[in-house]
Amino acid sequence: MTTRAPKGAVDVLPPESGRWRRLLRAFDSLAERYGYGLALTPVFEATELFSRGVGEETEIVSKQMYTFTDKAGRSLTLRPEATASVVRAYLQEGRSGVLKCAYSGPMFRYEQPQAGRRRQFHQVGVEYLGEPSPDADVEVVEVGYRLLQEAGIREVVVLLNSLGDPADRADYRTRLRSYLEERAEALSAESRRRLATNPLRVLDSKEDASVVAGAPATLDHLGAAAATHFAAVRCGLERRSIPYEIAPRLVRGLDYYNRTVFEYQASSYTAAQGALGGGGRYDPLAELLGGPPTPGVGLAMGVDRIVGAMPEVSGREDRGVFVVVADPERREEALDLVAALRTGGLAADSDLGDRSVKAQFRAAARRGVTVVAVVGAEWARGLVTVRDMATGEEEAVPIGEVAAWTQAR
RNA sequence: GUGGCCGUAGCUCAGUUGGUUAGAGCGCCAGGUUGUGGCCCUGGAGGUCGGGGGUUCGAGUCCCCUCGGUCACCCCA
């Protein structure tokens, strides 16, 4: 093997990719049921979009971006997340009012890979733009929660916090800074550096957990509007029976959030990088990007992590028919039969090599098909031998009845 | 960017104090059953022992460097 996939990028092939397919399909259907249309945005964007939108001082922008210069000298960056792109598109298209959309695709961050963390990773997410109501927050949280349920993940809990509005945050920031400055001696070098630039970031430092534990909480410094909003979100989650815990230290790594922030954790997923998804409200973002004030709330789910937490599914996924060519002279007819079955809406396949009947049966069994149809001598009489692979039951049926015979299994 | 552990067949791994043609299981292909799978038996294909350098009569094995994987820190999906 000479060339490998780049560090931090992985291949997913069958049969493992079956879980991906199930999850992506579940998300697609869920988004549609909740009224989210599809958003397609570029995988690369002007670097400026992220430095302005996500925040210059965030980990993502300060050291995790895949940035390159194109042939015309423009600075472009492989997207580290999708929210900024979706909001950019909304503004660029001159939209106003409500827009609900869903996305799915790869994101890129230059980091050391470990369990649950890749340089290229797949996110699905939704954005609810133009709606300030706390019920939008609730709906977005619900979408992520339902996705995890449909993935079969048990014991999911939503961690919930409110960062308040920008004015509350500024007030809180000064209090936090003075608290931390009094204890600067005990802080790590990195936290001391952040103290000056972005004190909120110190809150999610594991290293300084003991100092942080006694720090003032954002929840105690909410303005009236933010406090009312937060109460409404909690109320809404309770009505939807979505289990949540208040997490006062949850601040999340992107600067554009205000008010609601949340994360999903599951007991079945124990890697250090434990969040299966997260999101929040980002009312300031549109203006950061130079647009008119536009409220918004969204979430992003880590597909790689969710797939890793999904339980094994018993039984094979390949249903349908496998056509065995028992008489090489009938190969063309056999392929015609496969095509006809497929056109009729059935999953059908065959072995295009010239392997033995035994080998073809072996392959069919391994793939877990329900029925094998044998094309051989009986074709001359208009018949195909069909075999129920689960029961071993076998009979010769007219060629046109193979599909019906399979569907009856 | 920092640290721990690990690199032998497609996959999971053996490999004796350094010693001759480097092994097993699974997988793949074929045969046993001249048209029948999931079990069994037989055979076959498949290896720059991650790469480079060094020590030695001799290196998969010892030393150095390097690349990669993995887990953790940082931070996040």
Side-chain angles (χ1 to χ4, degrees), chain A residues 1-8 10 13 54 57-64 79-83 105-125 144 147-148 188-191 193-194 201-208 250-254 263-265 269-279 298-309 316 322 324-330 351 353-369 371-379 384-392 394 396:
Chain A
M1 171 62 78
T2 50
T3 305
R4 304 175 48 92
K7 186 183 182 80
V10 294
L13 299 174
V54 174
E57 270 305 314
T58 60
E59 294 293 315
I60 292 176
V61 171
S62 60
K63 46 190 187 193
Q64 299 174 353
R79 64 180 181 193
E81 58 108 43
T83 301
M107 309 293 160
F108 307 84
R109 293 182 198 172
Y110 193 92
E111 303 183 88
Q112 285 304 321
Q114 71 182 75
R117 194 173 70 189
R118 309 254 90 98
R119 288 182 174 181
Q120 176 175 337
F121 57 102
H122 196 107
Q123 284 187 338
V124 296
L147 179 67
L148 295 175
S188 63
E190 181 63 21
S191 288
R193 195 187 67 75
R194 290 208 189 96
R201 298 249 49 80
V202 178
L203 287 184
D204 48 27
S205 164
K206 288 180 188 170
E207 209 176 342
D208 297 314
L250 181 65
V251 291
R252 305 194 43 81
L254 292 74
E263 253 179 40
Y264 303 88
Q265 304 246 344
Y269 187 67
T270 55
Q273 310 307 320
L276 295 174
L299 84 113
M301 305 298 292
V303 176
D304 307 68
R305 290 181 186 179
I306 294 172
V307 167
R316 304 300 185 129
F322 192 92
V324 164
V325 184
D327 176 1
E329 301 289 308
R330 308 274 186 212
D351 185 336
D354 51 358
R355 275 174 269 280
S356 66
V357 170
K358 171 188 259 191
Q360 293 180 68
F361 262 88
R362 220 197 309 268
R366 205 169 357 250
R367 288 162 63 157
V369 298
V371 167
V372 165
V374 181
V375 172
E378 62 274 48
W379 185 271
V384 168
T385 299
V386 285
R387 178 182 177 88
D388 182 322
M389 294 297 275
T391 64
E394 193 167 296

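Each chain gets a letter, A, B and so on, in the order its sequence line appears, and its residues count up from 1. Predicted model, so just to flag it, every value in this text is computed and none were measured.
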Q: Specify the separation, in whole Å, of atom CD of A:Q112 and atom C1' of B:C5.
A: 15 Å

Q) B:C49 and B:G35: how far apart are their C1' atoms, nearest whole angstrom? A) 44 Å

Q. If we take the C1' atom in both B:A14 and B:C74, what is their distance in whole Å?
A. 39 Å

Q) If you measure from the P atom in B:U34 to the same atom in B:A45, how many Å do you get, rounded? A) 25 Å

Q) Would you write out the dot-bracket form of RNA chain B, 5' to 3', with Watson-Crick and G-U pairs under 3.5 Å, [ ] for crossing pairs, | for pairs to other strands and . for unpaired bases? A) (((((((..((((.....[...)))).(((((.......))))).....(((((..]....))))))))))))....

Q) What about A:R355, does its side chain sit under 3.5 Å from the base of B:C29 through a donor-acceptor pair? A) no

Q | Whichever of A:P113 and A:A377 has its nearest RNA chain B nucleotide further upstream toward 5' | A | A:A377

Q. Just how far, in rounded Å, is P of B:U36 from CG of A:D327?
A. 14 Å

**Q.** Between C1' of B:C11 and CG of A:L13, the distance in whole Å
**A.** 13 Å

(Q) Using a heavy-atom cut-off of 4.0 Å across all strands, would you classify A:E394 as base, sugar-phosphate, or nothing? (A) base

Q) Hey, does the side-chain of A:Q114 have a donor or acceptor N/O within less than 3.5 Å of a partner on the base of B:C74? A) yes

Q.
Determine whether a donor-acceptor pair (one donor, one acceptor, N or O, separation below 3.5 Å) exists between the side chain of A:R252 and the base of B:C75.
A. no

(Q) So, OP1 or OP2 of B:G31: does either fall under 4.0 Å of a side-chain N or O from A:S356? (A) yes

**Q.** Donor-acceptor pair (no angle test) under 3.5 Å: A:R366 side chain, B:G37 base
**A.** no

Q: Assign A:G392 to base, sugar-phosphate, or nothing according to its heavy-atom contacts below 4.0 angstrom with the strands shown.
A: base

(Q) Should the side chain of A:Q360 and the base of B:U36 be counted as holding a donor-acceptor pair, with the cut-off at 3.5 Å? (A) no

Q) Quick one: A:K358 NZ to B:U33 C1', roughly how many Å, whole number? A) 6 Å

Q. Any donor-acceptor pair under 3.5 Å between the side chain of A:R362 and the base of B:C29?
A. no

Q. To the nearest angstrom, how far is A:R119 atom CZ from B:G1 atom C1'?
A. 11 Å

Q: Would you kindly give the OH-to-P distance between A:Y110 and B:A77, to the nearest whole Å?
A: 20 Å

Q. Tell me: CZ of A:R117 to C1' of B:G1, nearest whole Å?
A. 11 Å

Q. What is the distance from CD of A:E378 to P of B:U36, rounded to the nearest Å?
A. 12 Å

Q. How do A:K7 and A:M301 order along RNA chain B: which one's closest nucleotide is nearer the 5' end?
A. A:K7

